[in-house]
Amino acid sequence: MSNIRHALSARRADDFAQWYQEVISAADLAEESGVRGCMVIKPWGYGIWERIQRLLDDRIKATGHDNCYFPIFIPLSNFEREASHVEGFAKEMAVVTHHRLISDGKGGLIPDPEAKLEEPLVVRPTSETIIGDAMARWVQSWRDLPLLTNQWANVVRWEMRTRMFLRTSEFLWQEGHTAHEDAASAKEHTLRMLEVYRACAEDDLALPVIAGEKPENERFPGAAETWSIEAMMQDGKALQAGTSHYLGTNFAKASGIQYQDREGSQQFCHTTSWGVSTRLIGGVIMVHGDDDGLRVPPAIAPHQVIILPMLRDKEGDEELLAYCEKLRAAIAATSSLGEKTRVLLDKKPGKAAAKRWDWVRKGAPVILEIGGRDMEGGTVSLLRRDRLWAENGKPDFSTPTVEDAASSLPAMLEDIQKSLFDEAATRRDDNITRGIADMDALADFYSSDKRYPGWVEVQWSKPTGAALDAVVEKLKALKLTVRNVPVGGAVADGTCIFTGEPAVERIYVARAY
RNA sequence: CGGGGAGUGGCGCAGCCUGGUAGCGCAUCUGUUUUGGGAACAGAGGGUCGCAGGUUCGAAUCCUGUCUCCCCGACCA
């Protein structure tokens, strides 16, 4: 429909990167801060994060974890303990070296040379080492295990190239840290939390994901196994939306997390860690956004229903507002998706028709416009954000009675939640290609189209070490990466696309964020 | 961190080459007329041109440095 007047100026199909940025500003999610790589998360964006937090926190607590809070500063000597961890993060650390400023004599301030810290503090890029320190104190006996903790925090990684929500120098996340008696129980827990992430992504954020194990070269620094959930964006690229790590005894040995077992001998714990971040919001944008802005899945929408009275600055406005308030209360008394329906009566001055587009861009799931004639007829003008346009190229309003609107909203919100997921899942499934059996075909596939053709499932022999490095190089030439080996994926029955050896498993390769 | 591009009222831009202390559109405010739908007209407010130095009688404009953003690359749970 070329006659549709969209709410954004950028089009997904023309310039996905520019469109992404326009959604963030048009939906009022976040803005630049003036500090490199750091953003201000605005109320609508932060409200979405709070919803994600609430729902995920419930899931984390339901699996037996307690929340804690650890310091943002980690003593350098503490951070140094795990060698591969250091190697992985050393290049992107913020370091605190002074604790006082003095005048530079020119009206400015400089760190006081007299106030240099004896031991620098690093700003946490993740908290394995400092939490490991605590675990070493907290765990004495097998009776203390498993130790299941989580924290909600900010972390800092000095990234070379940043993008709002997807990769920022400072970001908000949740990091779970657990200690277990043995490898089997720690691995089991790693997968349990991966499943929690899958459920949260799919059921709460309506993001279809593929859960699986990352290849050796993509492991978290210091991990024995890294698992991820991967989501497909509308440009066909993959986004790692969450990770869960089995850390073996690497951090236990580095931090001295030991316990006395049932036989009375000292054992090292097997630990896990897992996290998801504000990057999820970037995923929601790139999966559910359209040419009119964001579409927020109802489960994570700060406001699910917006009531817009068509005020005219005349007598009658008060009566209209009272009518709207009554409807607001009726909707607020209903439950949707297992919680009280979140409805906002937007009384802000201004024309309803103009305010409507602000809420369209923000992606509120349902907008109810109510004018004098609606009030007389006992109806509302209802707009579903997931089905915005009618055949005639105009907003597709329906006009149920107020009673029907209020009573049908819970089911409608559930339907929107489901339809956003189904739309994304269909798109993902349509863009996974199978049956490519050699590198030439793979290269052709990814060079045949200007747009990203999505993901490809290939079979491989699971090379390690130098052989894996060679595979990574081959893929890199095509700007591709191995995403993961899906949990419960079909068994291999062919030869490795990279080495020609018998394949042992099927993997997804894709371009990625 | 390398290559390229850009920073001028809230947003999007022109002006810069050929120095003479800012302009357009949208938005905002006021008024009028309208209004079942992303209003029209008129008027008004708002910017020391990212920041710091330098050249000059005079700098948005020229020079140097620096910060931030965007794209590509390298890097990256």
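Each chain gets a letter, A, B and so on, in the order the sequences are listed, and its residues count up from 1. Only this structure's heavy atoms are used, side chains among them; waters, hydrogens and symmetry mates stay out.
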Go through the side-chain N and O atoms of A:E82 and A:N250 and say whether any donor and acceptor fall under 3.5 Å apart.
-> no
Could you state the atom-to-atom distance from NZ of A:K479 to C1' of B:A74 in whole Å?
-> 13 Å
Could you check whether A:G88 gets within reach of a base, just the sugar-phosphate, or nothing at all, counting any heavy atom under 4.0 Å?
-> nothing
Check every strand shown and say whether A:G34 touches a base, only sugar-phosphate, or nothing at a heavy-atom separation below 4.0 Å.
-> sugar-phosphate
Determine whether the aromatic ring centres of A:H189 and A:H270 lie less than 6.0 Å apart.
-> no
Any strand is fair game: report the nucleotide pairing with B:C76 by Watson-Crick or G-U wobble, both distances under 3.5 Å, or none.
-> none
Strictly by modelled atom types, are A:T379 and A:D374 linked by a side-chain donor-acceptor pair under 3.5 Å?
-> yes
Within this structure, what is the CG-to-P distance between A:L166 and B:C70, rounded to whole angstrom?
-> 11 Å
A:S273 near the nucleic acid: base, sugar-phosphate alone, or nothing, with a heavy-atom cut-off under 4.0 Å?
-> nothing
Nearest whole angstrom, please: distance from the C1' of B:C72 to the CG of A:D15.
-> 13 Å
Please work out if A:F171 contacts a base, only the sugar-phosphate, or nothing of the nucleic acid, heavy-atom cut-off 4.0 Å.
-> base
What distance, rounded to whole Å, do you find between the two P atoms, one in B:C62 and one in B:G7?
-> 12 Å
May I ask you to say what A:S33 touches in the nucleic acid, namely base, sugar-phosphate or nothing, with a heavy-atom cut-off under 4.0 Å?
-> nothing
Pair A:W274-A:E175, side-chain donor/acceptor within less than 3.5 Å = no
For A:F397, report the nucleic acid contact type (base, sugar-phosphate, nothing); a contact means any heavy atom under 4.0 Å.
-> base
Re B:G43: Watson-Crick or G-U wobble partner, both distances kept under 3.5 Å, found to be B:C29
B:C11 P sits how many Å from A:I24 CD1, rounded?
-> 16 Å
Would you indicate, yes or no, if B:C72 has its OP1 or OP2 atom less than 4.0 angstrom from a side-chain nitrogen or oxygen of A:R161?
-> yes
For the side chain of A:A17, counting heavy atoms from C-beta on, which of B:C71, B:C76, B:C69 is nearest?
-> B:C71
Among B:C76, B:A74, B:G38, the nucleotide that comes nearest once only the side chain of A:M160 is considered = B:A74
Within the structure shown, what part of the strands sits under 4.0 Å from A:W389 by heavy-atom distance: base, sugar-phosphate, or nothing?
-> base
May I ask you to evaluate whether A:Q21 reaches the phosphate of B:C71, defined as a side-chain N or O under 4.0 Å from OP1 or OP2?
-> yes
Hey, which sits more toward the 5' end of RNA chain B by its nearest nucleotide, A:E92 or A:R163?
-> A:R163
Under 4.0 angstrom, heavy atoms only, what part of the nucleic acid is A:G242 near: base, sugar-phosphate, or nothing?
-> nothing
Of A:G372 and A:V35, the one whose nearest nucleotide on RNA chain B sits closer to the 5' end is A:G372
Would you mind telling me which of B:C75, B:U68, B:G38 lies closest to the side-chain atoms of A:R36?
-> B:U68
P gap between B:G47 and B:G10, integer Å = 9 Å
Which part of the nucleic acid, if any, lies within contact of A:P221, taking any heavy atom under 4.0 Å across all strands shown: a base, the sugar-phosphate backbone alone, or nothing?
-> sugar-phosphate
Considering only the P atoms, how many Å lie between B:G45 and B:G25, rounded to the nearest integer?
-> 15 Å
Which nucleotide in B:C69, B:U35, B:C71 has an atom nearest any side-chain atom of A:K351 | B:U35
Side-chain donor-acceptor pair present, A:S127, A:Q151, cut-off under 3.5 Å | yes
Provide the Watson-Crick or G-U wobble partner of B:U21, both distances under 3.5 Å; none if there is no partner.
-> none
What interatomic distance, in whole Å, is found between P of B:C71 and the corresponding atom of B:U64?
-> 27 Å
Between CD of A:Q18 and P of B:A6 the distance, given in whole Å, is 15 Å
Sidechain-backbone polar pair: A:R36 side chain, A:W158 backbone, donor-acceptor under 3.5 Å = no
Roughly, in whole Å, what's the span from CD in A:E218 to P in B:C76?
-> 9 Å
Once you round it to whole Å, what is the distance between P of B:C71 and CZ of A:R167?
-> 13 Å
Pick base, sugar-phosphate or nothing for A:T243, based on heavy-atom distances below 4.0 Å to the nucleic acid.
-> base
Look through every strand shown and name the nucleotide pairing with B:U61 as Watson-Crick or G-U wobble, where both distances are under 3.5 Å.
-> none
With P as the reference atom in both, quote the distance from B:G9 to B:C51 in angstrom, rounded to an integer.
-> 10 Å
Could you measure between the two P atoms, the one in B:U21 and the one in B:U61, and give it in whole Å?
-> 14 Å
If the C1' atom of B:U28 is compared with that of B:C11, how far apart are they to the nearest Å?
-> 12 Å
For B:U68, which nucleotide is its Watson-Crick or G-U wobble mate, given both distances must be under 3.5 Å?
-> B:A6
Base, sugar-phosphate, or nothing for A:R279, non-hydrogen atoms under 4.0 angstrom?
-> nothing
Row check, A:W44 ring normal vs A:K42 NZ/CZ: under 6.0 Å, within 45° = no
Take atom P in B:C24 and the same atom in B:G46, then report the distance between them in whole Å.
-> 14 Å
Quick one: A:D28 CG to B:A27 P, roughly how many Å, whole number?
-> 17 Å
Judged by modelled atom types alone, do A:S273 and A:H177 share a side-chain donor-acceptor pair under 3.5 Å?
-> no
